There are 2 protein chains.
Amino acid sequence: MKSERNARKTVSRAPTLEDVARAAGLSPMTVSRALNTPNIVRPATVAKVMEAVKVTGYIPNLLAGSLASRRSKLIAVVVPQINNNMFVDTVQSLSDELAVRGYHLLLCVAGYSHESETDIVSTLLSRRPDGIVLTGIHHNTELKKAIINTGLPVVEIWDLTPTPIDMLVGFSHEKIGNAIGEYLLNKGHRRFGFIWTDDKRAMLRKKGVLDVLNRQGDCQWQDALVPLPATMALGRSGLGALLKSGQTFDAIICSSDTLAQGAIFEAQTHQLRVPQDIAVMGFGDLDFAACNIPAITTVNIDRWKIGKDAATLLADKIEGVPVEEGIVDIGFTLMERESA
Amino acid sequence: MKSERNARKTVSRAPTLEDVARAAGLSPMTVSRALNTPNIVRPATVAKVMEAVKVTGYIPNLLAGSLASRRSKLIAVVVPQINNNMFVDTVQSLSDELAVRGYHLLLCVAGYSHESETDIVSTLLSRRPDGIVLTGIHHNTELKKAIINTGLPVVEIWDLTPTPIDMLVGFSHEKIGNAIGEYLLNKGHRRFGFIWTDDKRAMLRKKGVLDVLNRQGDCQWQDALVPLPATMALGRSGLGALLKSGQTFDAIICSSDTLAQGAIFEAQTHQLRVPQDIAVMGFGDLDFAACNIPAITTVNIDRWKIGKDAATLLADKIEGVPVEEGIVDIGFTLMERESA
DNA sequence: TTGTACGCGTTATCAG
DNA sequence: CTGATAACGCGTACAA
């Protein structure tokens, strides 16, 4: 029974448009249209195609489609270490919003170094994304040139600058620093401790704080630098280090809520009441900040909105929808609670 | 000066292999080889190519490359809501390890529903990934069939079953439940409260606990179900609800450390000392568990290892490296601390 | 070690 | 509304 019909190679490739077309008695092009733009195809034809798709188990090949159409429906996203609680929510909302528009996320975790960002982006570029999301506004010039050369829509997030590569959704870290500084000065604090990671954005916030403190004049401060990623343990050891210096502090300013929570616990072990003996201030307004005991005074950023706005800007620009304002300052809110 | 040479369309497309070849005075194929397998090309030729690449600003088009070679160097990863602290680390290590091997991550957040997982995976499949990472082992059958049909390497993670689709890196939620139950029984506890999310894996752990409690006989328990995602606030309200029922409890078992931390804070507000008046147990061993006050007794999972192992299994299988054991139980460790 | 012919699976374009 | 043809940019397979 060695039938001639089975002579063709039986290495069952995945079914293609042509297979579907054959099954439906149509041309591949019609099948393509029935799948992508059903409204310009006769309903009866569409039905035939759908049936054939089901029968063959056809799954479109977007590699081929993207190559031919020059649109990949792919968005490259570069974040510095995703295991930072802040970025995760942004990526999540970015993913959600983009999915609705039919885009997929090509995710890249760049670490906080610039070299790797370059490598990563050029690798990403080779996937021919339709748009790019970059965290931060400090990229090395070579990279920046490469991206600009592609002419691709870009959204930079989590930072503010009047001169983004293209579009931007962020907020001013310096202003947040200012707000923190003013808030604590108003509360009468003059001796400050910083528990701080040394990434660029955190340092900008610190500069914002110091500008205000310097203007005041009679302030003093001391640093406890901690490595990334910021953990509660680092918050504890950070405050421990500050206290061991022999200095006394009115207020501890932390570059994240996680550090702040650690500092608050550590204060307990030194019989320091928060905020009566020592105030502790965080940043980020993470889930736990509001219901910690004491509730953590911090700065709220709408990190979901960053993702959502970035997605909308990007998708709109890709699809030719006129974008009114390419620079979005989503602002921030100082959340006065109990810890400071 | 309207030169004939500029007659060709000036819509500056991105440079292609052919442009580089022309610039280098070589054939496109040689350029391709110089880029992908430099070791089989004469060094001088490689150098010429590299120069031409720099001059032209060439960025490879992986869409075309993948289409031709039938290898996309793309790994599809499906996770249920990434803003769960546990998965983030796994995704991170997956990304890191895969990047080393030259693969990119196509990330999809599926939520906890099955319907969306199907949509998502078929969409992902259309990108022709070289491998798939699925969270969990419960997928609807249609989806499962589609994936099996592709013949693609698959790694299921965060669960254990003797019959995975293909490969698996996980641990037994039931055994963890057993361990928690036995541990607390040994401590003399008999009246339990559960603060629990109702996702499948958490429920498996609960079943593990209950199996042990039932075997003991003289136990009683009560539930406080909370929605996803688990937050500290839900831990607080969960314990609040349990206490309001009028029952008393020896031990509170939480489906995550985040809930446990909330429960511990809430206990404070009810003048309940942890663990003297009430024990609290978590799950996950997140960063803060060890340095919370009291330190949280919990179950440690090496979530980085899950990602790393999954990446290795996948990359090995894709590249034809013989895979010894496709089912990896990474186990768990009950971390006895202060809270229970 | 390098080059040539062809195919990968789809969409753009233009013709019917 | 549907079909034929020619790209899309690269890698495979083989020839030189």
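Keep in mind it's a predicted model, so treat the numbers as computed, not measured. Order of the sequence lines fixes the chain letters, A, B, ..., with proteins taken first and strands second; residue numbering starts at 1 for each chain.
Nearer the 5' end of DNA chain C, as judged by each residue's closest nucleotide, is the contact made by Met29(B), out of Ala64(B) and Met29(B). Mapping Arg128(B) and Pro43(B) onto DNA chain C by nearest heavy atom places Pro43(B) at the nucleotide closer to the 5' end.
Between Ser32(A) and dT11(C) there is a side-chain polar atom (N or O) within less than 4.0 angstrom of OP1 or OP2. In this structure, Ser69(A) does not reach the dT10(C) phosphate: none of its side-chain N or O atoms is under 4.0 Å from OP1 or OP2. Checking the phosphate oxygens (OP1, OP2) of dC8(D), no side-chain nitrogen or oxygen of Asn61(B) falls inside 4.0 Å. For the OP1/OP2 pair of dG3(D) and a distance below 4.0 Å, the side-chain nitrogens and oxygens of Ser27(A) include at least one atom meeting the criterion.
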Criterion side chain to side chain donor-acceptor pair (under 3.5 Å) on Ser27(B) and Thr30(B), from CA distance to verdict: CA-CA 5 Å; Ser27(B) 80; Thr30(B) 301; 3.1 Å; yes
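Side-chain atoms of Leu26(B) lie closest to dG3(C) of the nucleotides dG3(C), dC1(D), dG9(D).
No side-chain heavy atom of Lys73(B) sits under 4.5 Å from any side-chain heavy atom of Leu62(B).
Of the possible donor and acceptor atoms, one in the side chain of Thr90(B) sits under 3.5 Å from a partner among the backbone N and O of Arg303(B).
For dG3(C), the base has a donor-acceptor partner in the side chain of Arg33(B) [N/O atoms by modelled type, under 3.5 angstrom].
By the 4.0 Å N-to-carboxylate-O rule, Asp166(B) lies close enough to Lys317(B) to be salt-bridged with it.
Using a 4.0 Å heavy-atom cutoff across all strands shown, Ser66(A) reaches no nucleic acid atom at all. Among the atoms of the strands shown, only primed sugar atoms or phosphate atoms (P, OP1, OP2) are found under 4.0 Å from some heavy atom of Leu17(B).
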